[in-house]
Every structure is written in structure tokens, then in C-alpha cells.
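Source: prediction; values computed, not measured.
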Amino acid sequence: MHALAASGAWDAIERSIASGVAPFVVTVVAALIGLTSLVSTRFPRKSARSLDELADDLAGAMRERAGQEVIERDLTAPMPITWHRASAPIGTPARNSLTGPFEPLPGAERVAEHDLAEGTQKDLYALYAGLPSGRLIIAGPPGAGKSTAAVLLFRDALAAREQAGPEQRSRMPVPIMVSLRGWDAATTPLSTWLTDQVAEIPGFTARDAARLVAGHKVAVLLDGLDEIGEGLRPVVLRELSRQADLRLVLLSRIDELTSAVRRHPLVGASGIELRPVDEGVAVDYLLSRLSSPPPPAWQKVADRLRRGPAGPLTGPLKNPFLLTLLRDAYDPLDPVDELLDRRRFRKARQVERHLLDRALATAYAAGPQRPPPRYSLRTAHRTLGFLAHHLGRTGADGLKWWNMPPTGPPPPLPALLYALAVWYTTTIPISLLLGLSYRLAEGREITSGLPVGLLMASLSAFVVIRGREPMPRRVPRRWWRTMFVPRRMLVTLPLGFGLILLLTLLGSALPGVGGWLLTGLTAWLTIELGGTLFAAAQPDDYALDPRRSWRDDAAASAMLAATAATAAFVGGTGFGMHVAVSLPRVLAIGVLGALASAVWLWSVSTTWRTCCRQVEMAVRFRTPLRLRRFLEDARERQILRTSGPVYQFRHDLLQQHLADTWGGAPRSVPRQQTLSPGRGAAGRVPGARGRTASGRSL
């Protein structure tokens, strides 16, 4: 390659490239200018919609979404919702919420202190429309009906706006219901995040969304505070407290909210708490979907509840989630009166376990209002029971996709098999790629790359079995700015250019002054960007959901592999030049080295290790091979929930029940009553359907 450079071959190549590229670039630019002119002439730009027109279009889109929510959640005849002023310290003093910048919406009256004492679902809109602070918190225990209350309030607010006249409608914001999952309040302002949420609605550009948010044309119903990381919840409340331009309603489980409010309350918010269900409401709800008179078994249950406490059945029916579970888990002709059998159900716990068994069966049964189940009930029960068992055994607070299951260091034999699997899958491609590069450069045998491949594979195997929990990574925001921080450059630039000496000794530095500079810059880029990505681990309170967390880690791993591949390409090209082979071989050697480097970096990434772990679990515990897809499916069917990037069982009771029955079939559901694919819509459980905008159940 030195001979080629001395003879001027490289200069001839550069001149030929320049002479060919210049006319091509001029032609392409001219063509693009002409095409742009033609498009702008034939398709004139539409006139911008006014702010009120944008708001009306947004309201139309939200009405369609609200209708879908009502149908999917089966809320055409919802259970009555009652509430009272929260006894837990989740809001601020009443006098703070009764003063503020918001005038009552057209048709509503200013809320007084006595209006906050108690009320029903209809009164929620009065609070939303008349609170001077514009901030309302709806809280309750798990399964209390928060998401149902939110959907009905969402529908009522849209209906009130639609019924108003044009002048009044222009002063009424359009409510949007969004989940807090995915908002990193520590780095992204509320207005920016809401703009992104509106821009995702079909028919609205980023500019339209920014105009709506800046023009105070939207109000927000925020669900899922309890589903983000614990450390991020006070940050969210602080960011919400800083804005005073948008009406907002916040929904959360009461325990998680109480803990977050201790660190930072939502200033000016009025907090209300949903009440348990009384016996009369429970009876009316159970009979609302049945013929009149109801079937004898249902009538027997209703009569027993009306006479007073119905023994073990009374307690579970005070919880809206379990009440809905009972109604939807039994068909009209099913023997629902078996729940009154005191010999079989002596305690409320037994009733709950029975309903949870039927809920799991319903969630994984086919039906006209549910997508076909991807997994059988047996597979779902075995996998969820296994995960619940290990969660209880280790005391972990959730299922982390990057450490699944949370079992701690694996036993010696599985660890050895796991290491061998990683070792083989890394050794073969790296040895082959490096062997091909040596063959092109010096005519060696392909097996000549085996020693280096074995060494790199051994390092990969050591990393994945060293017993430490892997940490998912992310690409930092504005990562390119960190590369030009003066203090860092004082360290990384000398280090990068110092590596040229080592590469020169190894015969891998590009020749000439230009090659020396390019090699040094590449080494500096690899050190800078690689160090940034290695340091950018996702914190425990990472706001994004598991899918986004997985994708962020995959993106960071791919970016790190690409950076290393770039450095390896430069080094491989320099090596090819020093052994004086033809230009195509030089480029081929660089590409092979880049691929080998990318394979090695990817083999130690969290994403790849998780894939290997899922294969191991499928062999050892018979879990689905694509475990992460199974977890997402379970979340869509409302068996699991998420807290930031961590999966959790929707109820502690459900987790404990599955852990207790791991390894066997559900014990309290007789075989002849297990749901089959032929069941109809009556076998529907809340949330056993596709994902909704909020992703929550009752």
C-alpha cells in the first residue's frame, strides 16, 4: 500500500472521484429545486386553521376516543361512583383550592367548600369546571374505580363542550386523557411533553399541537402516577405545580400518592377519595345486565345481599374491582349462588381466590370483544405463577426485563451452560470474521482468527455470568454536547491521540499526516462516545415503560457497537494499507474488523444478555421463548401493570395467589367451569382486551 501511495495512485483515485461526484451533485440539487417548485405550484399550501377550529377538531378526535373507551371498558351502564373529601393528606387545604386564576367554565358555578365534602360521578364535572385552582386529585385503593371515574369525567367534559354555543365553546378547553408513563419530568417541561402527546393524534402537526397548548385550549386528565418510578413521582408533582395555565385532573392509587405528596404536594389541588361500594349498589350492578326477573341463582345472591351481610361474600363486593370480577366471571346461567356455600367458602379470602382464578381464565379466553389469546391458560398460569413465586422469594418490587427472573446468581450448572452458550455464539462469528480478514491481508488460514475470537468470547462469557445485575442503558439527551466539554477534552483528546502510538506499533494506523489525524479523531470519538454511553445507565425511577426502556437500551447498545465498529473499520483499513493489498481488499478488511467489533460489543449488551436469559428460562422453566412479549400481553389483559420500566402484578393478592398455586392448575375453579374459547361477551373481565389510551383498569 505504501507503493501505491508513492506512485500517486491514491491521488488519481481522489481526482477521479471528485470529477465524477461534482456534476452528479449539481444535477441532483437542480432536480430537487425543480421538484420543490413543481410541488408547491401544483399543491398549494393549505391555509392555517384558526385556534378555535383546531380545538373543535381536537374535540372531535377526543369524542371518538372517549366512545371507544366507554365501549372497551363496558361503561354504557357503569357502576355508580361516590366519593368524599380525602382523609389522607393527598391535597392541600381547601382554601388553597378555592382561590386561583380559573373562572368557572360556561354553564358551571364556582365551587364552594361544602361542594368538596361528598358527591357522585355527576359532581366530578362540577369540580373540574368550577375549581378556581383548576387542580383536582382523584384517589383510591387498588380496584376502587379511578380509571372508570376518569373515563366518565372525560366523556362528560366533552359532552358539555359540545352542547355549548360557539362563543361559550371557544372558552372551554378540550380535555385529553393521557398516561404519565413516558414523561421524564426531570428533563422535559410539561408544555413540551403535552405538545408531543397532542402531536401524536392523527391530523395534528407539531405546530398545531404547540398552538393548542400555548393557547390554553387543552385540559389534561393524567393517569398513572403510581405506574412511574417512585423517585420520579415528587418530580412530576413539582412540575405540575409550576404551571398555572391548564386545568388538570390527577388520578393515582392513594398509598403511592400519599408517599409522593410528603416530598412535594400538588399545590392548590383538592383531593377526593372514592368510596367503597355498599350492598344496595352492588346488587343493582350485578343485576343490571340480566333479564328481568333474573335467573334463580343470581336472584338468590341478590336477595341474600339485600337482607344484610352475606357472610364471606360481603367483603370482596365492597371493592369495585372484585365486584366487576364477579359479574363478568359468571355467565347468566352459571351457578353464581355457589359463592353462598358456607362449607366451601368460609372466609372472604376463599371467595377472592376463587374470583381471581376465574379472572385469569377469563383473561385468556377468546371472545368477540377480546383479541384471540396468544397463550393458553395453562401456559399463562405456569409462567405467571413462576414469576410470582420468585418475586415473593426474593422480595423484589417488580419484574425487571433486564433481570428476569430476580433469582440472584444462577446455580453452578445452569451458569456454566449459560456461559458456554454465550461463548459459542460469540466465538464462531468473531473467529470467522477475523479469519477472513487475515486471509485477505496475508493469505492465512481462516482458523487464524480463532485465538482472538476465543479471547473475546471468554471475556463476554465472564461478563454475563459474573453475578452482578446488568443495567440497561440509554442514549443521553444532547449526547453530542458532552463530547465538547473542555474539561473532558483535556483528558480524552490526549488519550485518543496517544493511542495512535499503539496502533502504529500494531500496524493499524492510517498512513500519512491525514491518516494520523483521522485515526486520532476516531480514537477520541470512540473514547468520548463510548464513555458517555457506558455511564448513561437508566436510573431506577426511569419514567418510560418497559418497551421504551428496552428500545432505549437496544438503541444505546447499537450506538455503542456502531462506534466501536467505526474505530475497528479505521484500524482494519490501516492494517490493510500497511500489508499493501488492493483497495477492495483494504475496504473488505476494514468491514470485517468492524463487524467483529460490533458482534463483540453487542454480545455484552443488556439486550443480548436478556435474550439469552429468556432462552435459558424457556428450557429450564418452560416459559414462553419471547418472555417480554408475554409480559406485554399480560399487561394488555390487565394481569400486570407497570411502574416505570418494571412490571408488577396488578394486585398483591393476585401475585400471592399465583405464587401459592405455582406448579398446578387453579384449585378453586372446577374443571367443568373453566372458561373455554366459545364463551361470549358475558365472560369478559375488566381490562381483558386491547390496550387503551390510559392502559389502566378499574
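- Side-chain contact between Trp550 and Thr606: absent, with no pair of heavy atoms (C-beta onward) separated by less than 4.5 Å.
- No side-chain heavy atom of Glu273 sits under 4.5 Å from any side-chain heavy atom of Trp83.
- Between Ile137 and Val261 the shortest side-chain heavy-atom distance does not fall below 4.5 Å.
- When only modelled atom types and interatomic distance are considered, Ser179 and Asp223 share no side-chain donor-acceptor pair under 3.5 Å.
- Looking only at side-chain heavy atoms (C-beta outward), Arg374 and Arg629 come within less than 4.5 Å of each other.
- By the 6.0 Å and 45° rule, Arg635 does not stack over the aromatic ring of Tyr647.
- If you check the side chains of Thr610 and Thr607, you find no donor sitting under 3.5 Å from an acceptor.
- Legend: residues meeting salt bridge (charged side-chain N to carboxylate O under 4.0 Å, His left out) with Arg343, ordered by chain and number and at least two apart, are Asp341.
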(request) For Trp401 and Ser549, run side chain to side chain contact (heavy atoms under 4.5 Å, CB included): C-alpha distance rounded to whole Å, both residues' side-chain angles, the deciding distance at 0.1 Å, then the answer. (result) CA-CA 9 Å; Trp401 64 262; Ser549 175; 3.1 Å; yes

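- Using cut-offs of 30° and 60° for the angle between ring planes, the Tyr128 and Tyr125 rings count as tilted.
- Between Glu338 and Arg344 there is a salt bridge, with a side-chain nitrogen of the basic residue lying less than 4.0 Å from a carboxylate oxygen of the acidic one.
- With sequence neighbours excluded, no residue satisfies salt bridge (charged side-chain N to carboxylate O under 4.0 Å, His left out) with Arg628.
- Residues Tyr375 and Phe630 bring their aromatic ring centres within 6.0 Å.
- Considering only heavy atoms from C-beta on, Leu222 stays 4.5 Å or farther from Val249 through its side chain.
- Contact of the Leu194 side chain with the Trp183 side chain is not registered, since no non-hydrogen atoms from C-beta on lie closer than 4.5 Å.
- With respect to Glu118 and Arg275, a salt bridge is recorded, a charged nitrogen being found less than 4.0 Å from a carboxylate O.
- Residues Asp660 and His389 bring no donor and acceptor atom of their side chains to less than 3.5 Å of each other.
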(message) Apply side-chain hydrogen bond (donor to acceptor under 3.5 Å, both in side chains) to residues His381 and Asp357 and explain how you reach the verdict.
(response) CA-CA 9 Å; His381 191 273; Asp357 275 335; 4.7 Å; no

